[in-house]
Every structure is written in structure tokens, then in C-alpha cells.
Amino acid sequence: MKSTILKSITIFSLLLALLSCKEEKKKIEYPKTDLSVNALIPKPIKVIPTHTAFGLDSSTVIFTDQSATGFEAVGQFLANKIKEVTPLELGVNTSIDESVRRIIYITKTDSLAQDSPEAYELYIQNDTILLSARSAAGAFRGVQTLRQLIPEAANDTISSSSMWLIPSGKIIDAPQYAYRGAMLDVARHFFTVAEVKRYLDQLAYYKINKFHLHLTDDQGWRIEIKSWPKLTTIGAKTEVGGTKGGFYTQEDYKEIVAYAAERHIEVIPEIDMPGHINAAVYSYPILNGNGKSVNNYTGMRVGFSTLDTRKDTVYKFIDDVIGELAAISPSPYFHIGGDETFATKKKDYLHFINKVEAIVNQHGKQMMGWNEISQADISSNTIHQLWKEKHHSVEAAKKGAKIVLSPGNKSYLDMKYDANTKLGLTWAGFIPVDSAYQWRPSTFIKGLGKEHILGIEAPLWSETITNSDDLEYLAFPRVIGIAELGWTQEEFYDWESYKKRLGLQVPYLKRNSINYFNATEVPWER
Ligand code: ACM
């Protein structure tokens, strides 16, 4: 460990020495800044201002640890993002010639104060920014903080070139929860690869690190399974309202996974079963277990479909589906749904969940499932996702399972903001922006403290939304609040502080044409 630190310090000192040889002719008078007054979301653990600035300009280069996996890509990501918001095209790991005056150095270290793999520290001075992290994921999170500190406008008076002044000081940061997720339902309405990528970009900016894809439901099957082709030649052709649906080929899915991975976001696939399965049983009626004739379905009612939980063919089907998808899913988790199985007898449901857990494990994955799965004999490495009754989570925790919290009345992005919201549903009530922010994961379920909580997730069900504009209207700004609750230490949760920082997201939201809801309780920057 010492040698890595020494190596980093040595390279860094060399760079500094190089810089000081090339003193600018005129000393720059940086204006007084205050790093502690900023719009960072999520709020970091510690911000120590030093009241001067780093002058991001055309003489700046990005330099990264080249022996550490993924660091150069993080540097390149930063260069690309700087190019999106300024005219600057910064070199990454290019040779340092006399035109270079300022350096952003991204380095791997094992000696941070915080021990999370996503921890990072940012040290911002006049001529150098040092971003240190234990892993490329940590460096990537630090880069999001840095992006949030770059001002919209350049200063054209203190230097001969335009400078984007980044307030100086030190930021020490790490996430509170390892799992900070967002879910998108692409079954009720299909979302294209481009639309999914757009959402991933937005989530990455707020340090979300899990993207749960709800790939199948009664209304449509959205992922190619080569051994069961009718799932997509038949099952993908419908969606809510009778429009044409769609699906991802396995190549599309890999493209989404790779795009997410570049943003250090893990994609968790969900195949919902034994209920929410009409699209599959319509494609292959042999799988049907509700004893009724099957037709395609484009409505919004839930709970009428079920697999036949006592048929070998059904388990062969599940083994094939999980096998093909697990093989192209780097995530350790595989979500099997398990919710709202009103057409499955309880004893059949329990038998089913136990068998499916074994199949998921055989494919090298940990099972993840909604509330209801804790009634089965689940193992301690299964992840329970709360959406409704808290007693199910208590039961899961007793079995040793970790909990992801997605309470319907707080984190469901598809609930309307208020009675005037055109999109969305109301079964869990209205969720105004302040309410989505004002809850605490560690005390949400009595008796289930932090040690039981893996993290939180904001699901977005798509019965009423069909495109990115609709998606963003429901997700933004509430998903930003969920991102802060997942990352920031609970002692720093504060609606008054948060709403001001949220109001200052307007330049980012506008620049990226994000169709956010203009909540009146937020002081939006005009
Ligand atoms: C759910 O909302 N049925 C998980």
C-alpha cells in the first residue's frame, strides 16, 4: 500500500515541479471563493474551503494513474464532459509540454479516510486538482462532484485565456449505502436503447450505481431469449394501450450493460415470475398455470397470470431464461420479481420461489425479489426489496437477507406529485418532491437499522409513460432526492439545504433538456 502512495506522490510532485518551472509571466489574482457554498448533490461528508480557485482553461491537462484499471477511462469521461460544457478539449495522459500550466490528476490510493470502494477525495488548488480514490468507481464518483463544481460562465478578466473557476479546497466523501438504485419498467411501455442510455447519463451525474431493468410483465416480454424465440416474436409485440411494444436483442442488452459500466452503474435484470407473466404464457401456452385460455394483454390490471408451478417444462423454461440472461449480466444479482401473485396458490408460490432461488444460485447469481419472497425459505444471500408491507422485510431480515428499500409511498417515481399531475398513478398516494426526500432508510422499518439495509431504489413503472419526456417528468426531480438519501450520511439530510441545492440544478437540467417537474416548493434558479 505504502508503495502505491509513494508512487502517486512522486508522480504528483514531478508534475508540480514541471508546472512551477513554467510560471506564468503575470501572477493570477484569483477571486475569493467558498467551496462550502455550492450546489453539490448528493451532499459530501466533508467540504473544507480554502477560498481561492483552480482556473480550468485551455492549458489544463488530465493525467491519470495508468497502471490502475479503469482510471484512464474515467479521465477520458471527464474530458468529454468538460467538452460538453465548455469549448475546452483537454488532453488525457498526453505528454506534458510547455503549454501545460494546470493539471487534474486522478490517482489510485489505498489510504483514504473512508473505507468504501467508492470513496474519493478531491484536493483543489490554483494549478492542480488531485482526485484520489481506491477504485475507478470511486474516481468516477469524484468526477461527478468535480463536474458539479464547474461554473456555467467563464471568467475572461483574470488571465489571457478564458477560465472556468472551480472553488478551491478539500472534499472528503464516500457513500452511506452500497446500493443506490433506479428501476425502469420497460414492459408496460418499451423504452429504446437510446432512451435508456439517456436516463443512465442522468443517473450517473447523481452517483446512482444500480440500474434495475424490469424486463417482462403481462403486457410485454422485452429481452431476446434464443432458446424460446416466441417470447419476442409474439410476446414483445404488445404494450399498455395496444401500441407496438418492442424488445432488446441480447446485443442491445450487452450495449446497455456496457454503457452503464462505463458510468460505473450495474444493470440488474428482472424477469417477473410466477405472476406478471402473461406475455410469456401467451407466447407459450404450455407454461400457463391459471387454467384459463390465454390472450394478449394491454390493460393495467395486475395479478391474473401465473406460471404452472408444478410443471417440469416451466422450470426448464426458467433455467433457460435465467441461464441466457445471467451469461450476459455481470451483476451478482438476478431479480425474479415474485410480487402480486394473486393467481398462484400460496403453497405453490412457496414451492416455486424455493426452486427458482436454487436455479438463480446455480447460474452464479444471488436472487433478488420483491416483498412477497420472504414468505418462502429464502437464503441469507438473497436480497429482499421492500415495496409495500414492512412485516415482509422483518421476516426477510430474520432469515439473514439484506434489504433494499423502495417504499411505494416515498420512492415510487410513478406516483403523481399532486392531483394536477397528468402522468402517473395514485395507489400509494401523491408524492410531492419534499415528501420523496423526507424519510430515513435506517429508521423506516422499526428494528431494521443500517446493518440490514443494503440501500435504496427508486422504481419507475411505465403504465402511463411512453417516452423520455414522460419519464423525466416523473423522475425529475424526485430521483435526485433519492440519490442523496442513498449517498449522503443521514445526519446531513436536511430539506432546507437540499431544496436550495436542488434549485441550483437548473443549469444542468436545462442544458440537458431534462423535462423536470417545476415543483413549487423548490426555489428553482431562474
Ligand atoms: C410492485 O410494485 N408490484 C413491485
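Side chains are part of it too, since the values below use all heavy atoms of this structure and drop only hydrogens, waters and symmetry mates.
The side-chain heavy atoms of V267 and L213, taken from C-beta on, include a pair separated by under 4.5 Å. Side-chain contact between T107 and T64 is absent, with no heavy atoms from C-beta onward closer than 4.5 Å. Between Y30 and I158 there is a side-chain heavy-atom pair separated by less than 4.5 Å. Under the 4.5 Å side-chain criterion, counting only non-hydrogen atoms from C-beta, N93 is in contact with F63. Two residues are said to be in side-chain contact when any heavy atoms from C-beta on lie closer than 4.5 Å; R511 and V85 meet this criterion. Between S406 and V404 there is a side-chain heavy-atom pair separated by less than 4.5 Å. Taking 4.5 Å as the limit, every side-chain heavy atom of K499 sits out of range of all side-chain heavy atoms of E521.
Under the rule for a salt bridge (charged side-chain N to carboxylate O under 4.0 Å, His left out), R222 has no partner lying at least two apart in sequence or in another chain. Every residue meeting the side-chain contact (heavy atoms from CB on, under 4.5 Å) condition with N209, not counting sequence neighbours, appears here in chain and number order: E118, R141, R180. Not counting sequence neighbours, the partners of T94 by the side-chain contact (heavy atoms from CB on, under 4.5 Å) test are V61. For the side-chain contact (heavy atoms from CB on, under 4.5 Å) test, residues two or more places apart in sequence or in another chain that qualify with D115 are R134. Partners of E484 under the salt bridge (charged side-chain N to carboxylate O under 4.0 Å, His left out) rule, at least two apart in sequence or in another chain, are R501. Partners of Y333 according to the ring pair (Phe, Tyr, Trp, His ring centres under 6.0 Å) rule, which considers only residues two or more places apart in sequence or in another chain, do not exist here. Scanning for salt bridge (charged side-chain N to carboxylate O under 4.0 Å, His left out) contacts around E89 gives an empty result, with sequence neighbours left out. In this view, D469 satisfies the salt bridge (charged side-chain N to carboxylate O under 4.0 Å, His left out) rule with no residue, not counting sequence neighbours. Applying the side-chain contact (heavy atoms from CB on, under 4.5 Å) test to Q202 and every residue at least two apart in sequence or in another chain returns R198, Y199, E472, F476, Y508, I514.
Going from atom CD1 of I268 over to atom CZ of F334 covers 11.5 Å, rounded to the nearest 0.5 Å. Taking CG of L56 as the reference point, atom CE of M163 lies at 9.0 Å (rounded to 0.5 Å). If you take OG on S168 and CG on D127, they are separated by 11.5 Å, rounding to the nearest 0.5 Å. We find the CG-CD1 distance between L146 and I106 to be 8.0 Å, quoted to the nearest 0.5 Å.
For K81 and Q144, the side-chain atoms include no donor-acceptor pair closer than 3.5 Å. With 3.5 Å as the limit, one finds a donor-acceptor pair spanning the side chains of D173 and Y120. A donor-acceptor contact closer than 3.5 angstrom is absent between the side chains of D470 and S468. At a cut-off of 3.5 Å, with distance as the only test, a side-chain donor of T52 or N126 sits close to an acceptor on the other residue. Side-chain N/O atoms of K43 and S497 include no donor and acceptor closer than 3.5 Å. Q148 and Y206 share no side-chain donor-acceptor pair at under 3.5 Å.
The closest donor-acceptor contact from the side chain of E457 to the backbone of L405 lies at 3.5 Å or more, if one exists at all. Using a distance-only test at 3.5 Å, with no hydrogens or angles considered, no donor-acceptor pair links the side chain of S462 to the main chain of I465. Although no hydrogens or angles enter the test, the distance criterion places a donor-acceptor pair under 3.5 Å between the side chain of S135 and the main chain of G138. Put simply, the side chain of R478 gets close to the backbone of L413: a donor and an acceptor are under 3.5 Å apart.
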Listed pairs under 3.5 Å, donor-acceptor, residues 441-449 side chains, sequence neighbours left out:
unit_1: S442; atom_1: OG; unit_2: E490; atom_2: OE1; d: 2.8
unit_1: S442; atom_1: OG; unit_2: E490; atom_2: OE2; d: 3.1

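Heavy atoms only, all atoms of each residue included: A475 and L460 are closest at CB-CD2, 4.3 Å. Of all heavy-atom pairs spanning G486 and I456, the tightest one is N-CD1, 3.5 Å.
Partner of N371 under the side chain to side chain donor-acceptor pair (under 3.5 Å) criterion, out of H391, H392, K390, K388: H392 alone.
Taking the six-membered ring for Trp and thresholds of 30 and 60 degrees, Y412 and W461 have ring planes inclined between 30 and 60 degrees apart.
Screening residues 164-191 for ring-ring contact (aromatic ring centres under 6.0 Å, His included), with sequence neighbours left out, gives F190-Y248. The stretch residues 256-269 participates, sequence neighbours left out, in these side-chain hydrogen bond (donor to acceptor under 3.5 Å, both in side chains) pairs: D201-Y259, D201-R263, K210-E266, Y259-R263, E266-S331.
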